Amino acid sequence: MNPEKWKSIQRGDYEIIAEMIEPGSSVLDIGCSEGELLLSLQNKKNCRIQGVEIDFGQILQATSRGVPIIQHNIEKGMPYLPDRFYDYVILSRTLQVLFQPGKVLEEILRIGKHAVVSFPNFGHYQIRSYLFFKGLMPKSNILPFEWYNTPNIHLITINDFKKYCRDRDIEIQEEVFLDMDSPGKMSGLFNRMAPNLFAQYGIYLLRR
Amino acid sequence: MATETPLLVETQYYNIPENIQLDSGKEFGPITVAYETYGSLNSRKSNAILILHALSGDAHCAGYHSPEDNKPGWWDMMVGPGKPIDSNKYFIISSNVLGGCKGTTGPSSINPETGNPYGLSFPIITINDMVKVQKKLLEHLEIPQLLTVVGGSMGGMQALQWMVSYPDSVYSCIPIAATSRLSAQSIAFNEVSRQAIISDPNYNNGDYYDGPYPEKGLAVARMIGHITYLSDESMHQKFGRRLQFQEELSYNFLTEFQVESYLHHQGQSFVRRFDANSLLYLSKAMDYFDLAAGANSLEKTFSRSNGHYLVVSFTSDWLFPTYQSWEITSALQKLRFPVTFTEIDSQYGHDAFLLEKEQLGALLANFLESTHQQFEEELS
């Protein structure tokens with residue numbers, strides 16, 4: 001594991017998500033950790049923010065920053081909220097740890113006018129070659145765990161996700177790919193040609 | 001902070017110059033309010049915190065009344081210099097509720113018209129009536145807007161009522177182990193407690209101040225209460241099946257188990273410090289508490305109560321279970337008010353708000369710090 005690289009992905013992720021969000025909108029961030037992204041959306045984009053997190057330690061930190069945060073397991077949904085209640089619902093780096101990612105995606109597309117979803121791409125060529133040559137469950141800088149202790153139980157590829165959206169009439173409004181070795185958006189040939197092979201990370205702006 | 005000299009405080013009294021219109025329709029007065037303050041009000045008046053006590057609490061929530069005093073206030077763990085609710089930073093006010101028996105006018109106070117204690121001639125009061133009295137105190141102290149109202153259990157009910165009754169006078173609210181309406185289960189326990197008191201032969205229709213005290217009834221009421229404040233797990237940890245005085249079972253009905261002995265002790269010590277009629281009046285006020293009543297929904301009730309909220313529940317609290325805090329939280333979320341909710345992992349049951357020093361303390365300190373900063377920014 002390389003914490004520095006992971007941090008740069010995290011920052012890149014936050015920056016790109018922040019660019020996707022219109023100023024002054026209402027935002028729910030699910031799995032918001034210490035509320036870093038929400039805080040910058042509030043300060044820089046004047047957004048109305050609310051976080052959801054399951055871990056008490058993270059909630060404690062978010063509270064010291066003044067980020068409102070509800071302790072809740074999103075797998076239970078938020079059935080009391082009306083449709084399209086928030087302008088944006090963010091699910092950043094959380095999809096792959098959920099027991100029922102499909103159910104949660106449906107819920108965030110219901111309660112949000114837009115959903116922002118980001119996840120590590122399991123189709124990246126290094127991961128493929130790890131499995132191909134070593135015959136072991138792949139590990140990488142952003143997927144550093146062993147098979148027996150990983151929280152990442154639903155790993156997907158960029159193409160899996162695109163197919164999921166296509167099959168369910170979910171409109172992809174914007175997609176951005178990240179490569180850890182060069183911070184910021186991936187550009188140029190690789191990006192256009194084969195993100196499923198070369199992107200380590202995908203960020204999607206969705207709408208139904 | 002162990003090195004700090006103990007905080008010495010004095011209970012003060014304020015006589016409200018006018019009568020209060022009670023929810024029951026009656027006008028009532030005169031009312032005296034017992035209160036204590038800790039710390040000092042800043043020049044912008046942005047650091048005032050009102051602490052609201054639970055059923056058996058009083059105005060004395062922190063510090064000591066004299067250097068010889070060995071019993072600190074009921075929330076000394078949370079309130080005082082260097083504590084989570086820090087009297088070095090905040091101006092903290094704590095008062096005894098209307099209907100209580102610790103200095104604020106209640107059924108054991110002398111009715112000036114008769115020269116005798118009110119007893120059952122004291123009017124029925126509500127949580128909202130308690131809050132009206134607190135508002136008068138705040139006006140007297142010339143505090144236009146509180147930074148926060150905070151309390152556990154019945155104190156949490158008052159905190160929520162503050163947001164509904166005086167939304168412009170409060171910036172934030174911290175209901176802990178609270179509910180927006182008392183459940184049937186809790187009303188049931190309250191009724192059993194009241195019946196225990198009323199059926200004591202010494203109760204004498206509430207007029208016992210000159211005669212023998214309804215000691216047994218009040219002690220039983222407190223024993224029932226105490227069971228509801230603990231949890232299966234905490235009782236198991238604290239007492240298990242251990243015997244109090246002997247090694248072997250004695251095959252009679254004398255006190256044998258530690259848990260029995262504990263409850264007897266709690267009952268007896270309560271009798272010495274609490275008025276039986278006050279318990280009747282305060283428990284009734286809790287029974288009547290239902291913020292959604294009349295509005296059909298909690299959201300509608302809260303709709304004017306824009307503020308910052310910190311809602312806290314405890315895993316093992318079966319008297320005011322987490323779902324009740326969740327009802328409050330989801331209503332606030334639907335209103336788009338900034339709300340922080342957390343369920344603290346605790347084995348202490350309902351009493352956790354008096355015992356969970358580390359987790360609750362850190363949460364309160366963090367929330368107050370950031371909320372105070374936001375309040376300051378909005379004032380400037």
Side-chain angles (χ1 to χ4, degrees), chain A residues 24-36 38-43 46-90 107-108 110-113, chain B residues 84 147-148 150 171-174 176 297-299 302 306-315 322-323 325-346 352 356 358-378:
Chain A
S25 44
S26 61
V27 182
L28 182 73
D29 187 358
I30 289 163
C32 67
S33 301
E34 298 176 3
E36 200 178 328
L38 284 173
L39 196 64
S40 81
L41 287 172
Q42 179 179 263
N43 294 341
N46 201 23
C47 289
R48 200 160 183 168
I49 59 166
Q50 179 68 56
V52 174
E53 177 54 61
I54 205 161
D55 179 68
F56 181 77
Q58 310 264 33
I59 291 169
L60 209 50
Q61 292 307 313
T63 303
S64 74
R65 294 171 160 179
V67 174
I69 183 163
I70 294 172
Q71 188 170 32
H72 183 58
N73 179 356
I74 195 57
E75 311 240 16
K76 293 179 186 163
M78 292 188 151
Y80 51 89
L81 290 181
D83 293 353
R84 302 164 67 76
F85 184 74
Y86 290 102
D87 293 323
Y88 297 88
V89 179
I90 299 170
E107 181 68 341
I108 67 170
R110 181 187 74 79
I111 62 177
K113 290 177 191 153
Chain B
L147 168 61
T148 204
V150 52
Y171 187 71
S172 66
C173 175
I174 313 178
I176 306 167
S297 84
L298 203 47
E299 280 159 75
F302 278 131
N306 199 355
H308 297 249
Y309 288 82
L310 171 61
V311 183
V312 184
S313 71
F314 301 95
T315 48
T322 290
Y323 81 85
S325 286
W326 183 253
E327 280 174 1
I328 297 164
T329 303
S330 53
L332 296 169
Q333 189 190 2
K334 278 175 88 171
L335 287 161
R336 300 181 189 280
F337 296 164
V339 53
T340 290
F341 160 73
T342 183
E343 182 192 36
I344 292 178
D345 201 358
S346 169
E356 279 296 347
E358 302 304 326
Q359 298 185 84
L360 183 60
L363 195 64
L364 291 178
N366 285 0
F367 180 81
L368 288 174
E369 177 104 30
S370 62
T371 308
H372 186 212
Q373 200 181 329
Q374 283 164 339
F375 187 31
E376 284 274 342
E377 279 164 19
E378 278 181 38

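The sequence lines fix the lettering, A, B, ..., with proteins before strands; numbering per chain opens at 1. Remember, it's a predicted structure, so these values are computed and weren't measured experimentally.
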Which region of [X], side chain (C-beta onward) or backbone (N, CA, C, O), has a non-hydrogen atom less than 4.5 Å from a non-hydrogen atom of chain A, or is it both or neither?
X: B:Glu369; result: neither
X: B:Ser330; result: both
X: B:Gln359; result: both

Closest contact, heavy atoms only, A:Glu53 versus A:Asp55: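 So the minimum-distance heavy-atom pair works out to OE2-N, 3.2 Å.
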Given a strict heavy-atom distance threshold of 4.5 Å, which part of A:Phe56 is in contact with chain B: side chain, backbone, both, or neither?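 It is the side chain, since no backbone atom gets that close.
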Given a strict heavy-atom distance threshold of 4.5 Å, which part of A:Ile49 is in contact with chain B: side chain, backbone, both, or neither? neither
Quick check on the interface: out of B:Ala365, B:Ser370, B:Ala331, B:Ala362, who has the most heavy-atom pairs with chain A under 4.5 Å? B:Ser370
Return yes if some donor-acceptor pair links the side-chain N/O of A:Arg110 with the main-chain N/O of A:Leu81 below 3.5 Å, else return no.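 Looks like yes, one N/O pair under 3.5 Å.
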Check whether any side-chain N or O of B:Thr315 sits under 3.5 Å from a backbone N or O of B:Ser346 as a donor-acceptor pair, and report yes or no. yes
Relative to each other, are the rings of B:Phe341 and B:Trp326 parallel, tilted or perpendicular (30° and 60° limits)? perpendicular
Honestly, is B:Arg336 close enough over A:Phe85, meaning NZ or CZ under 6.0 Å from the six-membered ring centre and within 45° of the axis?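 The answer is yes, since B:Arg336 meets both limits relative to A:Phe85.
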Name the member of A:Gln71, A:Gln61, A:Arg65 that forms the most heavy-atom pairs with chain B at distances under 4.5 Å.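 Of the candidates given, the most pairs with chain B belong to A:Gln71.
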Please identify each residue that fulfils ring pair (Phe, Tyr, Trp, His ring centres under 6.0 Å) with A:Tyr88, with sequence neighbours left out. A:His114
